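The structure under discussion appears below in the form of structure tokens.
Positions are given from 1 along the sequence. No experiment lies behind these values; they were computed from the predicted model shown. In what follows, every heavy atom counts, from backbone to side chain, and hydrogens, waters and symmetry copies are set aside. Whatever order the structure lists them in is the order used to number ligands and atoms, beginning at 1.
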Amino acid sequence: MKISITKAEQSRISELDFDNLDFGRIFSDHMFEMAYSDGKWHSAVIKPYGPITFEPSMMALHYGQAIFEGMKAYHVNHDTIQLFRPQDHHARLNNSARRLCMPEIDESVFINALEELLKLDHEWVPKKHGQALYIRPVMFATEEYLAAKVSQEYRFFIITSPVGAYYNEGFNPVKLTTSDQYVRAVKGGTGEAKAAGNYGGSFLPALRAQQNGYTQVLWLDANEHKYIEEVGTMNIFFLIGDTLITPGLEGTVLPGITRRSVITLAKEWEVTVEERKISIDELFDAYRSGTLKEIFGAGTAAVISPVGLVHHQGNTIDLDMEKIGPFAKRMYDAITGIQYGKVEDSHGWAHPVDVTTSVYH
Ligand code: COI
């Protein structure tokens, strides 16, 4: 699909303080956009980032057909930036689309849109380790219709934002609490899709957690309120003894791409990895018996985020950590090493983009 490009008359990059990057507050000069109607995607454009207009009857606002992805571009050198596993993000976007009866996108269209957008806005990719250009592809229903049914029209955008650490704690340990009252996902629901509504539904419990001094909620399963699932903003890992344990993908957990990378690397390091049900009681038992060594989260925005404290029904696991644990640090170094092109990428995860070439400009 040909992309028609309109460049911004003037770049806003001079307004950016690369030393103080908030997560997702400032957006680069351009955005990608295409529309879906009559059964096909069309009208692909890259244009200056800016407001969009829609009718109040736009279906996404009423019935929540909205999905997204979270990816990052990393600075390698003057000529090259890298995406991390973009084909996997594309596959997950299409999985989410199928769950919400939305149209799929061809891999070549998705990758080409990313590459062309990044070539145009490559100067927005921050250069420091730990910083990146966050990429937010988003698809939503645009038909103007109030019947509760599948929309026949959609819009797909890609916007980008230079970012540092996701959590206010930076890369220091975060504090999690379970919620007695709320759940994030239920089997058969949309928990494994990257659906916008999954996030909106978690804000009230997350706010309660924050009011009580915790960074995020550690979600338990909806049926028994017993098994650990994920954090909503990241997947979760436990190093118990010498075994790395993470909740399995049984329909309620987002299949994280960083999660998958952690599992692959840990197995290569000959660490036993178990993807299985882990109850909150098992976690507290491991803590009390002294075998719980580390807890960390994994996600595109969160990268590898150490967890220092877990609260559950008045009891607390306090790992007494000031910094990231040695296993999480090794994982952080290995994954970011590949992402920034500092460590050999033997898995083909890195997707270099030569920013000096473009078929369009
Ligand atoms: C990501 O890690 O990319 C996400 O989409 C999580 C979001 C809470 C920022």
Would you kindly say whether Gln339 and Tyr74 are connected by a side-chain donor-acceptor distance under 3.5 Å?
-> yes
Heavy-atom contacts with Phe68 under 4.0 Å: which atoms of ligand 1 show up? List them by number with element.
-> 5 (O)
Pull out every atom of ligand 1 sitting under 4.0 Å from any heavy atom of Thr300, numbered as shown with elements.
-> 2 (O), 3 (O)
Mind checking whether His311 and Tyr214 have parallel, tilted or perpendicular rings, split at 30° and 60°?
-> parallel
What part of Lys72, side chain from CB on, backbone N/CA/C/O, both or neither, has a heavy atom under 4.0 Å from ligand 1?
-> neither
Protein contact of atom 1 (C) of ligand 1 - nearest heavy atom, named by residue and atom, plus distance | Tyr134 OH, 3.3 Å
Determine, for Arg330 against Asp333, whether the closest basic-nitrogen to carboxylate-oxygen distance falls under 4.0 angstrom.
-> no
Determine whether more than 12 heavy atoms belonging to other residues, nucleotides or ligands lie under 6.0 Å from atom CG of Asp242.
-> no
Measuring from the heavy atoms of Arg136, does anything fall under 4.0 Å of ligand 1?
-> yes
Which of the numbered atoms in ligand 1 are below 4.0 angstrom from a heavy atom of Gly70?
-> 3 (O)
Would you call Lys194 and Glu69 a salt bridge, using N to O less than 4.0 angstrom?
-> no
Got the closest protein heavy atom to atom 9 (C) of ligand 1, with its distance?
-> Tyr166 CE1, 3.7 Å
Using a strict 4.0 Å cut-off to heavy atoms of Thr233, name the atoms of ligand 1 that fall inside it.
-> 8 (C)
Short version for Lys194: what comes under 4.0 Å of ligand 1, heavy atoms counted, is side chain
Side-chain hydrophobic cluster, 4.5 Å single linkage: members besides Val253 | Leu249
Protein contact of atom 2 (O) of ligand 1 - nearest heavy atom, named by residue and atom, plus distance | Ala301 N, 2.8 Å
Could Lys119 and Asp354 be called an ion pair, given the rule that one side-chain N must be under 4.0 Å from one carboxylate O?
-> no
